[in-house]
Amino acid sequence: MKQHVTPFGDGTVVLRLVEERDLETILAWRNRDEARVWFKSSDKIAFEAHLSWYKRYLQKEDDFFFLIEANGRPVGQCGIYDIDHYAGSAEIGRFLVAPDMGGRGYIKRSCAELVRFGIDVLKLPNLFLEVMERNRKAIELYTRCGFAEESRSNGLIRMNFNQEPAR
Ligand SMILES: CC(C)(COP(=O)(O)OP(=O)(O)OC[C@H]1O[C@@H](n2cnc3c(N)ncnc32)[C@H](O)[C@@H]1OP(=O)(O)O)[C@@H](O)C(=O)NCCC(=O)NCCS
């Protein structure tokens with residue numbers, strides 16, 4: 001069963017666990033052509049499949065999926081998953097900004113908060129992510145958050161966190 005996580009944030013963004021009532025909203029964000037092409041599984045997802053995924057996610061203890069709120073409104077999503085307490089590692093990702101909310105720094109702030117949550121709360125020093133090498137915007141964002149390229153193959157770059165993110 002998934003551990004409860006008290007919402008956290010930096011005063012501008014709040015990260016709280018995704019709930020079933022959020023699924024339609026985040027699926028609509030994710031299914032936009034300009035968004036889905038940046039995910040490894042880039043096909044459009046039907047609501048029933050999304051709901052099934054969410055129900056499986058609820059049973060997992062190694063995966064936390066967050067809705068990002070600013071001024072009480074949903075502005076994006078992100079997650080930390082494949083948590084391995086033995087290796088002290090986890091992947092972060094599923095970053096997505098809501099339509100018309102891009103470029104306001106919400107995702108950069110959320111990335112910094114997620115890193116803090118991973119390192120300080122979950123005690124996982126080895127955070128990493130994967131990003132398509134064509135996704136310049138995301139790569140720049142992750143670099144600003146303290147990630148650096150570790151390796152690349154098949155069009156994907158793996159980046160490791162190796163410094164405190166700038167606030
Ligand atoms: C990637 C994404 C999440 C960024 O969201 P955003 O709202 O633009 O990001 P923020 O405003 O929080 O972050 C701003 C940072 O992103 C980077 N960035 C944003 N737009 C950029 C651009 N056009 N070119 C280069 N870097 C850019 C910069 O580092 C910027 O920091 P700065 O303002 O200090 O320069 C958003 O574009 C998105 O949802 N893309 C589709 C899904 C996706 O690609 N997800 C990542 C999968 S790995």
Side-chain angles (χ1 to χ4, degrees), residues 1-19 22 26 29-30 35 38-41 53-54 56-98 101-167:
M1 201 60 189
K2 196 172 300 298
Q3 179 194 328
H4 175 71
V5 176
T6 304
F8 57 92
D10 67 354
T12 297
V13 291
V14 174
L15 277 62
R16 66 156 174 85
L17 289 178
V18 164
E19 298 171 16
D22 304 315
I26 61 179
W29 298 345
R30 154 62 178 76
W38 299 115
F39 291 97
K40 274 186 267 181
S41 53
W53 175 86
Y54 179 73
R56 287 194 303 278
Y57 152 84
L58 284 180
Q59 303 305 315
K60 296 172 79 174
E61 295 177 354
D62 66 346
D63 188 331
F64 296 105
F65 187 26
F66 294 102
L67 189 84
I68 305 166
E69 293 179 335
N71 301 313
R73 293 181 56 193
V75 297
Q77 64 168 57
C78 60
I80 182 166
Y81 40 91
D82 288 343
I83 294 168
D84 182 340
H85 287 287
Y86 293 103
S89 66
E91 179 166 357
I92 69 163
R94 300 188 195 132
F95 289 97
L96 180 57
V97 72
M101 290 293 163
R104 300 182 189 203
Y106 293 145
I107 304 298
K108 195 166 75 170
R109 286 172 175 275
S110 301
C111 185
E113 284 303 306
L114 201 55
V115 165
R116 247 186 296 281
F117 176 71
I119 293 178
D120 296 344
V121 179
L122 299 179
K123 309 291 184 202
L124 302 167
N126 305 315
L127 299 181
F128 63 94
L129 60 83
E130 285 191 330
V131 58
M132 290 182 186
E133 60 188 0
R134 291 182 294 108
N135 198 345
R136 301 303 315 164
K137 208 190 271 195
I139 293 167
E140 179 64 25
L141 186 154
Y142 299 143
T143 303
R144 296 280 180 103
C145 286
F147 286 82
E149 179 171 340
E150 173 69 16
S151 59
R152 67 170 76 195
S153 69
N154 298 324
L156 278 183
I157 300 177
R158 179 177 166 124
M159 302 178 84
N160 286 352
F161 179 75
N162 59 10
Q163 65 177 63
E164 281 302 311
R167 295 209 80 169

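By the 4.5 Å heavy-atom criterion applied to side chains, Phe39 and Met132 are not counted as neighbours. You'll find the side chain of His85 stays beyond 4.5 Å of the side chain of Asp62, heavy atoms only. Counting only heavy atoms from C-beta outward, the side chains of Val97 and Lys137 never approach each other to under 4.5 Å. Side chains of Pro74 and Trp29 form a contact here, defined as non-hydrogen atoms less than 4.5 Å apart. Taking the side chain as every heavy atom from C-beta outward, Ile92 and Tyr142 never approach each other to under 4.5 Å. The shortest distance between side-chain heavy atoms of Val121 and Phe8 does not fall below 4.5 Å. A heavy-atom distance below 4.5 Å is found between the side chains of Ile80 and Leu127. The side-chain heavy atoms of Asp63 and Arg94, taken from C-beta on, include a pair separated by under 4.5 Å.
Nearest heavy-atom pair across Arg109 and Val13 is CB-CG2, 3.8 Å. When all heavy atoms are compared, the tightest approach of Met159 to Thr143 is CE-OG1, 3.6 Å. Minimum heavy-atom separation, Gly79 to Leu114: O-CD2, 3.3 Å. Taking all atoms of both residues into account, the shortest heavy-atom contact from Ile107 to Gly76 is CD1-CA, 4.5 Å. In terms of heavy-atom proximity, Leu124 sits nearest to Ser89 at CD2-N, 3.8 Å. Val75 and Glu69 make their closest contact through CG2-C, 4.1 Å (heavy atoms, listed as atom of the first residue, atom of the second, distance).
Here the options are Tyr54, Tyr81, Trp53, the test is ring pair (Phe, Tyr, Trp, His ring centres under 6.0 Å), and the partner is Phe65; only Trp53 passes.
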Could you walk me through whether Cys111 and Phe147 pass the side-chain contact (heavy atoms from CB on, under 4.5 Å) check? CA-CA 10 Å; Cys111 185; Phe147 286 82; 4.2 Å; yes
Verify side-chain contact (heavy atoms from CB on, under 4.5 Å) between Lys40 and Leu156, making sure each step is shown before the conclusion. CA-CA 9 Å; Lys40 274 186 267 181; Leu156 278 183; 3.8 Å; yes
One pair to check against side-chain contact (heavy atoms from CB on, under 4.5 Å): Cys145 and Val115. What are the steps and the verdict? CA-CA 9 Å; Cys145 286; Val115 165; 5.5 Å; no
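Rounding to the nearest 0.5 Å places CG of Leu129 at 12.0 Å from SG of Cys78. Rounded to the nearest 0.5 angstrom, Phe95 CZ and Gln77 CD are separated by 10.0 Å. The CZ atom of Phe117 sits 5.5 Å away from atom CZ of Phe64, with the distance rounded to the nearest 0.5 Å. Atom CG of Leu17 sits about 7.0 Å away from atom NE2 of His4, to the nearest 0.5 Å. For the atom pair CD1 of Ile139 and CD of Glu133, the computed distance is 7.5 Å after rounding to the nearest 0.5 Å. Rounded to the nearest 0.5 Å, atoms CG (Leu15) and OG1 (Thr6) are 13.0 Å apart.
Both tests pass for Lys2 against the ring of Tyr57: distance under 6.0 Å to the centre and angle within 45° of the axis.
Note on Arg144 versus Glu140: salt bridge recorded, some NZ/NE/NH1/NH2 to OD/OE distance being below 4.0 Å.
The backbone N or O of Ala87 sits less than 3.5 Å from a side-chain atom of Asn126, completing a donor-acceptor pair.
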